[in-house]
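A short write-up of the structure that comes next.
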Amino acid sequence: MLQKTNRLCKKKEIDSVFGRGKSVKEGNLTLKAAKNQLDSVRFCFVVSKRVSKTAVGRNLIKRRMREISKAALPYLKPGYDLIFIVAPGFGKLDYRGIAEIMEKTFLRAGLMTAGKI
RNA sequence: CAAGCAGGUUAGGCAAUCGCUCCUCAUAGAUUUUGGUUUAUGGGGGGAGGAAAGUCCGAACACCCUCCCGGGGCGAAAGCCAAGGGAUAAAAAAGUAGAGGGUAAUACCCUUCGUCCGCAAGGAUCGAGGUGCGAACAGAGACGCUCUGAGGCGAAAGCCGAAGAGAUCCCGAACCGCAAGGUUUGGGAUAGAUUCAUAGAAAUAUGGAUUGUGAAACGGCUAAAUCCUUACUGGGCGCAAGAGCAACCCGCCCAAAUUUUUGUUCUUAACGUAACUUUAGGAACAAAAAUUUGGGCGGGAAAAAGUAGCUCGCUUGAGCCCCGCGAGUAAUUGCGGGGCCAGACAAAUGAUUGCCUCGUUCCGCAUUUUUGCGGAACCAGACAGAAUUCGGCUUAUUACCUGCUUGGUUU
RNA sequence: UGCGGGAUCGUCUAACGGUAGGACGCAUCCCUCUGGAGGAUGUUAUCUAGGUUCGAAUCCUAGUCCCGCAG
């Protein structure tokens, strides 16, 4: 689990990222990124009910993405709010598959310099 | 061995690295609510289920409505107000239904009677009293026509019902019309085809039987799943209930500042005077009003808008599990002992690995079959994640165990 | 989390427990030199599974899917 300083929780802030953020799409994953006034990177994960019918399946995807984000945190540029939106078809992937897609997404968005997670 | 019926248990373990949340202790820091609050680090401890699910029921708890009791207060009295407690009686609405029991309570559970289903083990969302719908086809005939109603039966709902009126059908008469038909009027019928017995002079009444049709046939069937009554149960609304604080708004009070007005005192200038007076300006004090700021107290009814700010409720309760001794056929329950109990708030309980068993699939050998042994692969694999809390029900699902029934085969 | 509503032809909708109707579509034909308009004929449906009933779109139970409300 991420620390509280790396979580994006408030509805207002999420709405503002949706409004002014730039989006990058890689496969089934969409990333919305926007600058914030802080030194840290904050994450938010959106997994709709269409991805997985059960709460267990959705929580598993979110937990794995949080772990990958935690591992990637030292390599990322600070000062951004990030929202990951998961599209259907994501539930079949395991940990390594998700990590691969997220790494590609970070590189395409220009948030990461070294390609190591 | 096969098919089936009933009941029960289980829902992996150990370890490594990196993390999250709650409680507690220590250290360091911040801060005038200072044995408080809060931040960081470290030590210790706790951290999903049998269904956490569906939300189909029931309760606890909270608020509201109705009603009852009511400490106390006011009043000459009648009576009025009212903290608080409650659901005996009433209203309304919703539900329940063989009998008896269990429970906080239920549409749940247990025992038992009857009925139905099943060869059986067993099973059923069957069960108060009454009334009532029953198309089409088939059939002679399909719930039996409507209203008033003397009288009778019944605890009630309601039922039976002499007689009369209307309606429909059949038979007939008169009139109108070329005819189809129409109007008026008389009689009969409106539960019954055939047959038997009894009573009777008879009409008829009562009781029984029958072919065929059909789901159902003058005697029943069917209401939790379209009604009424009786008996029983106060009702509604759900923790996004509800409460407090802050903030905001309104009112009052206090303090300070500024402005304006008035009054008093002092002073400057001007007209005039012996002098007071008068006019204009300044300073000080007092009073009033307005505005702003700060503090305190009280309130926020209705409507509209904004903000999902903080805290409590919030997790130990009708608790759950095990053992022993009792009550009871049982569900359940009394006493004693021991053990266990998550509390987040965009929402923790995890991620990546290693090993061990439990399993699953495949292959080979032995065996009549079941099965056993060996090897390989997958390697805890299914359903599934607390959100106010419990008790049921239902649905989803892994691996197994026990008892019983029927049938087959072998001895 | 709690509470509530719904599912009927391709679409929008009706229907006391008793033959599932209508509109717009679609197909064919007529009309016209052709198309449109108009006319005629036809096509296609009760979310799923049990139950109550002689009989279920309707009533009951369970499930699936969709939608709404809360301060």
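In what follows, chains are A, B, ... by sequence order, proteins preceding strands, each numbered from 1.
- Atom name C1', nucleotides B:G127 and B:U112: the rounded distance is 14 Å, in whole Å.
- A distance of about 27 Å separates the P atoms of B:G85 and B:G79, rounded to the whole Å.
- Nucleotide B:A59 is shown with an anti base, its glycosidic torsion being more than 90° from 0.
- The nucleotide B:U329 finds no pairing partner, because no Watson-Crick or G-U wobble arrangement with both distances shorter than 3.5 Å includes it.
- Using C1' as the reference atom, C:G51 and B:C119 are 26 Å apart when rounded to the nearest Å.
- The partner of B:G364, taking Watson-Crick or G-U wobble pairs whose two distances both stay under 3.5 Å, is B:C373.
- As rounded to whole Å, 17 Å separates atom C1' of B:U352 from atom CE of A:M65.
- When the C1' atom is compared between B:C237 and B:G242, the two are found 12 Å apart, to the nearest whole Å.
- Straight-line distance between the P atoms of B:A155 and B:A193: roughly 38 Å, to the nearest whole Å.
- If you check B:A2 for Watson-Crick or wobble pairing at under 3.5 angstrom, you find it paired to B:U406.
- Look at B:U315: its glycosidic torsion is within 90° of 0, and that puts it in the syn range.
- B:C341 and B:A247 are spaced 43 Å apart, taking the P atom of each and rounding to whole Å.
- The partner of B:C178 is absent, by the rule that a Watson-Crick or G-U pair needs both atom distances under 3.5 Å.
- The base-pairing partner of B:A140, taking Watson-Crick or G-U wobble contacts with both distances under 3.5 Å, does not exist among the strands shown.
- Across the strands present, B:A380 finds no partner; the criterion is a Watson-Crick or G-U wobble pair with both atom distances under 3.5 angstrom.
- Rounded to whole Å, the separation between the C1' atoms of B:G123 and B:G101 comes to 23 Å.
- In this structure, B:G263 and B:C285 make a Watson-Crick or G-U wobble pair, each of the two defining distances being under 3.5 angstrom.
- Its glycosidic angle being within 90° of 0, B:G50 falls on the syn side.
- On the C1' atoms, B:U397 is 34 Å away from B:C373, given to the nearest whole Å.
- Summarising the base pairing, B:G95 is matched to B:C232 through a Watson-Crick or G-U wobble pair whose two defining distances lie under 3.5 Å.
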Just to be sure I follow the notation: if a pair is Watson-Crick (purine N1 to pyrimidine N3 plus N6-O4 or O6-N4) or a G-U wobble (N1-O2 and O6-N3), each under 3.5 Å, what dot-bracket string does RNA chain C give, with | for pairs to another strand? (((((((..((((....[..)))).(((((.......)))))....(((((..]....)))))))))))).
